[in-house]
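Each ligand, and each atom within it, is numbered from 1 in the order the structure gives. On a predicted model such as this, the values are computed, not experimentally measured, just so you know. Atom set for the values below is all heavy atoms of this structure, side chains included, hydrogens, waters and symmetry mates excluded.
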Amino acid sequence: MQQLLVTGGAGFIGSNFVHYVMANADARVIVLDKLTYAGSRESLAGLPADRVELVVGDVANAALVDDLVGRLSGPADAVVHYAAESHNDNSLNDPSPFVQTNIIGTFTLLEAVRRHDVRLHHISTDEVYGDLELDDPQRFTEATAYRPSSPYSASKAGADHLVRAWVRSFGVRATLSNCSNNYGPWQHIEKFIPRQITNLLQGGRAKLYGTGDNVRDWIHADDHSSAVWTILSRGEIGETYLIGADGEKSNREVVSLILESLDLDVDDFDHVNDRAGHDLRYAIDSSKLRDELGWTPEYADFSEGLRRTVDWYREHQDWWAPTKTDVENRYAAGGQ
Ligand code: NAD
Ligand code: TDX
């Protein structure tokens, strides 16, 4: 049976991928996850114990990573690397874990897959390309130059460069993907969409950074998982694929849709302090993935996906409510 090592598999997008693999493939998964504040065992609950093993540990722990990668020996076995510090605001407050996990962690993994000659798929973000003007007709493509803005995106850019260098210099069998903003179940409530939903569910108000004109290109996490699976199955070694679902929306539009889905007034939000260095717009052209590998997203209707996400947070208060006060206190300290 195919074996996958999924780093960061107890986080938002990694756990979605593990569920996807269990539902769609005949594979076993070892999850390597440090269970930082962003990881949760609950996100993996209910999966078959004989096919999913959770190893709690650090992707920058060379001995542990070498041992786990060494267990992969079948022709279709692979590492799928999601583990990262992932929140821009946190990277502005303390960049150090971002450098450690995103750069040193990726380096550690690369050395292990090089030693054991194991296939790697590296998960990255559209933020490595910096931002676009609101009226720029060009979207990001695989040829766009790197121009990261924040400590988070710079650390992801550094990791991407390491992966490409290991492909070229050492013949490591790796593919890369850079995806746009994800939404869906199990996303940490520090992030934009779940923060607004949970504020409103608790009777608070939505909080828009700055003017709210910033644009993000939203994709449901299920579609990110199917895209990664497509690349893992049919992608060409050494290639990068951009993943996006044509989901551009301004933050203000997203807040309005969330307010509407909760039957609240669409003006029921506050403008709060802007993020330092706040990227204006991201937008992905995913033609290469669609044309060369035949991938298409399933969630065509963002407002429907968002409504389902609102329902999910309503039904999973036990998961998020215990951390809500701490998260909001941290935002309040920064005027956000
Ligand atoms: P997340 O913060 O929800 O989850 C990250 C997971 O990694 C957590 O389970 C955490 O415990 C684990 N982790 C952190 N440091 C670790 C370490 N040193 N060793 C082992 N595990 C560690 O993040 P996410 O939103 O699910 O993002 C997953 C990946 O997808 C990241 O690489 C991120 O850069 C990328 N990405 C995210 C988005 C998005 O919109 N969220 C978009 C594009 C790409
Ligand atoms: O309360 C808020 N109000 C607000 O207006 C928060 C938390 C955010 N925002 C804005 C900032 C961004 O313009 O919403 C937008 C989205 O913010 P985040 O959820 O923090 O996402 P972003 O910074 O765009 O990065 C995300 O997408 C790319 C992920 O967190 C990254 O891991 C991924 O690489």
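Figure legend: Arg114 and Phe170 shown as a cation-pi pair, the cationic atom lying under 6.0 angstrom from the six-membered ring centre and within 45 degrees of its axis. Both the sub-6.0 Å distance and the 45° axial angle are satisfied by Arg195 relative to the ring of Tyr331.
For Leu208, no nitrogen or oxygen atom sits less than 3.5 Å from a nitrogen or oxygen atom of ligand 2, counting backbone and side chain alike.
In terms of protein heavy-atom proximity, atom 22 (P) of ligand 2 is closest to Glu127 OE2, 3.5 Å. In this structure, the protein non-hydrogen atom closest to atom 29 (C) of ligand 2 is Ser86 O, 4.0 Å.
Side-chain atoms of Tyr282 and Asp131 form no donor-acceptor pair, as typed in the model, at a separation below 3.5 Å. Of the N and O atoms on the side chains of Asp222 and His19, not one donor lies less than 3.5 Å from an acceptor on the other residue. Using modelled atom types and a 3.5 Å distance limit, the side chains of Asn178 and Glu127 yield no donor-acceptor pair.
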Note every protein N or O atom lying under 3.5 Å from an N or O atom of ligand 1, pairing the names and giving the distance.
from: ligand 1; atom 1: 2 (O); to: Ser86; atom 2: OG; distance (Å): 2.7
from: ligand 1; atom 1: 3 (O); to: Phe12; atom 2: N; distance (Å): 3.2
from: ligand 1; atom 1: 9 (O); to: Gly11; atom 2: N; distance (Å): 3.0
from: ligand 1; atom 1: 9 (O); to: Asp33; atom 2: OD1; distance (Å): 3.2
from: ligand 1; atom 1: 9 (O); to: Asp33; atom 2: OD2; distance (Å): 2.6
from: ligand 1; atom 1: 11 (O); to: Asp33; atom 2: OD1; distance (Å): 2.6
from: ligand 1; atom 1: 11 (O); to: Leu35; atom 2: N; distance (Å): 3.4
from: ligand 1; atom 1: 11 (O); to: Thr36; atom 2: N; distance (Å): 3.0
from: ligand 1; atom 1: 11 (O); to: Thr36; atom 2: OG1; distance (Å): 3.1
from: ligand 1; atom 1: 18 (N); to: Asp58; atom 2: OD1; distance (Å): 2.9
from: ligand 1; atom 1: 18 (N); to: Thr101; atom 2: OG1; distance (Å): 3.0
from: ligand 1; atom 1: 19 (N); to: Val59; atom 2: N; distance (Å): 2.9
from: ligand 1; atom 1: 21 (N); to: Lys34; atom 2: N; distance (Å): 3.1
from: ligand 1; atom 1: 23 (O); to: Ser86; atom 2: OG; distance (Å): 3.2
from: ligand 1; atom 1: 26 (O); to: Phe12; atom 2: N; distance (Å): 3.4
from: ligand 1; atom 1: 26 (O); to: Ile13; atom 2: N; distance (Å): 2.8
from: ligand 1; atom 1: 32 (O); to: Tyr82; atom 2: O; distance (Å): 2.9
from: ligand 1; atom 1: 32 (O); to: Lys156; atom 2: NZ; distance (Å): 2.7
from: ligand 1; atom 1: 34 (O); to: Tyr152; atom 2: OH; distance (Å): 2.6
from: ligand 1; atom 1: 34 (O); to: Lys156; atom 2: NZ; distance (Å): 3.1
from: ligand 1; atom 1: 40 (O); to: Asn182; atom 2: N; distance (Å): 2.9

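Under 4.0 Å from ligand 2, not a single heavy atom of Gln336 appears. Counting heavy atoms closer than 4.0 Å to ligand 2, residue Gln196 contributes side-chain atoms (C-beta onward) but none from N, CA, C or O.
Ring geometry, Trp229 versus Tyr20: the interplanar angle falls from 30° to 60°, so the pair is classed tilted.
In this structure, Lys156 falls outside the shell of residues with a heavy atom less than 4.0 angstrom from ligand 2.
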